Amino acid sequence: MSKWLLAFIILSYSCSQKKNLLNIEIQGHRGARGLAPENSIPGFILAVDLGVNTLELDLVVSKDKKLIVSHESFFSSDFCLDTMSRPIEEDSIINIYQLSYCDIKKFDWGQ
C-alpha cells in the first residue's frame, strides 16, 4: 500500500470521526429532571426548549390497561404526594399497576 493511499485512508477516517462528534445526541432524561417535575409535559417542553434532541421516558401499565409515564412501577416518596397531598411514607410501596387510571390521577405528581 502506498504511503499516499494510507494517508488518504487515515485522513478520511479522521474527518468522518470529527463529523460524528458534531452529531452528539443530547437526551432529556425523564424530561428536564432537576429543573421541572420529571416525566411531565412541562418537563418535556422545557427539555426541548433547552435543546435536547431525544426525550427519554418509561411507561407503566395501570390495572385498567392505560399507559402511565413513570420511571418506576410504584409511587416514589421523593416525587409524589398521596391523594390527600400528604407525603407518601418512605417504606410504603404503592404499585401503579394495581391501581386504575382514575385512582392514579388522584395522586400529586408535582405537575
Side-chain angles (χ1 to χ4, degrees):
M1 179 181 308
S2 77
K3 63 181 177 182
W4 294 110
L5 179 58
L6 181 60
F8 177 75
I9 292 171
I10 292 171
L11 181 61
S12 297
Y13 178 78
S14 175
C15 289
S16 70
Q17 292 304 306
K18 288 179 182 175
K19 181 180 178 185
N20 288 338
L21 290 176
L22 299 176
N23 295 322
I24 295 172
E25 181 176 315
I26 302 171
Q27 291 191 2
H29 185 69
R30 301 184 214 171
R33 184 174 183 222
L35 300 174
E38 71 176 36
N39 289 319
S40 67
I41 297 297
F44 294 137
I45 291 170
L46 178 58
V48 170
D49 288 345
L50 292 173
V52 304
N53 50 23
T54 302
L55 291 172
E56 183 275 339
L57 60 100
D58 302 291
L59 299 172
V60 179
V61 180
S62 68
K63 184 178 181 177
D64 52 350
K65 310 278 190 270
K66 306 281 185 184
L67 291 177
I68 308 297
V69 178
S70 178
H71 181 69
E72 304 292 348
S73 61
F74 55 87
F75 289 100
S76 172
S77 59
D78 293 335
F79 307 110
C80 192
L81 301 174
D82 70 11
T83 58
M84 304 297 287
S85 296
R86 296 176 304 216
I88 295 174
E89 293 183 31
E90 198 169 313
D91 59 348
S92 174
I93 297 178
I94 303 170
N95 291 312
I96 294 171
Y97 61 86
Q98 293 176 331
L99 299 172
S100 70
Y101 178 74
C102 289
D103 289 336
I104 292 167
K105 283 179 57 174
K106 294 175 186 173
F107 286 78
D108 182 351
W109 294 61
Q111 299 178 37

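This is a predicted model, so every value here is computed, not measured.
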Practice item. Not counting sequence neighbours, which residues clear side-chain hydrogen bond (donor to acceptor under 3.5 Å, both in side chains) with Ser70? List them please. Key: none

Check your understanding: Would a hydrophobic clustering, with Ile, Leu, Val, Met, Phe, Trp and Tyr connected at side-chain separations under 4.5 Å, put Leu59 with Phe44?
Key -> yes

Check your understanding: Between the side chain of Asn53 and the main-chain N/O of Ile26, is any donor-acceptor distance below 3.5 Å?
Key -> yes

Exercise for review: Report the residues that fulfil side-chain contact (heavy atoms from CB on, under 4.5 Å) with Lys106, sequence neighbours left out, ordered by chain and then residue number.
Suggested key: Thr83, Asp103

Exercise for review: List in chain and number order the residues that pass side-chain contact (heavy atoms from CB on, under 4.5 Å) with Glu56, two or more places apart in sequence or in another chain; answer none if no residue qualifies.
Suggested key: Gln27, His29, Arg30, Asp58

**Study point:** Selection residues 39-53 - residue pairs positive for salt bridge (Lys or Arg N to Asp or Glu O under 4.0 Å), sequence neighbours left out
**Key:** none

Review point. Looking only at heavy atoms, what is the nearest atom pair of Ala47 and Leu55, with distance?
Key: CB-CD2, 3.8 Å

Point to revise | For Phe107, all residues meeting ring pair (Phe, Tyr, Trp, His ring centres under 6.0 Å), sequence neighbours excluded | key: Phe75

Check your understanding: Is the shortest heavy-atom distance from the side chain of His71 to the side chain of Asn39 under 4.5 Å?
Key -> yes

Exercise for review: Answer yes or no: is there a side-chain heavy-atom contact under 4.5 Å between Ser73 and Ile96?
Suggested key: no

Review point. Under a 4.5 Å cut-off applied to non-hydrogen side-chain atoms, are Ile104 and Ile68 in contact?
Key: yes

Practice item. For Leu35 and Leu50, run side-chain contact (heavy atoms from CB on, under 4.5 Å): C-alpha distance rounded to whole Å, both residues' side-chain angles, the deciding distance at 0.1 Å, then the answer. Key: CA-CA 11 Å; Leu35 300 174; Leu50 292 173; 3.7 Å; yes

Practice item. May I ask you to test the Ile94-Phe74 pair for a side-chain heavy-atom distance under 4.5 Å? Key: no

**Study point:** Ala36: partners by side-chain contact (heavy atoms from CB on, under 4.5 Å), with sequence neighbours left out
**Key:** Leu46

Practice item. Working to the nearest 0.5 Å, report the span between CG of Leu67 and OG of Ser62. Key: 8.0 Å

Check your understanding: Roughly how far, to the nearest 0.5 Å, is OH of Tyr97 from NZ of Lys65?
Key -> 12.5 Å

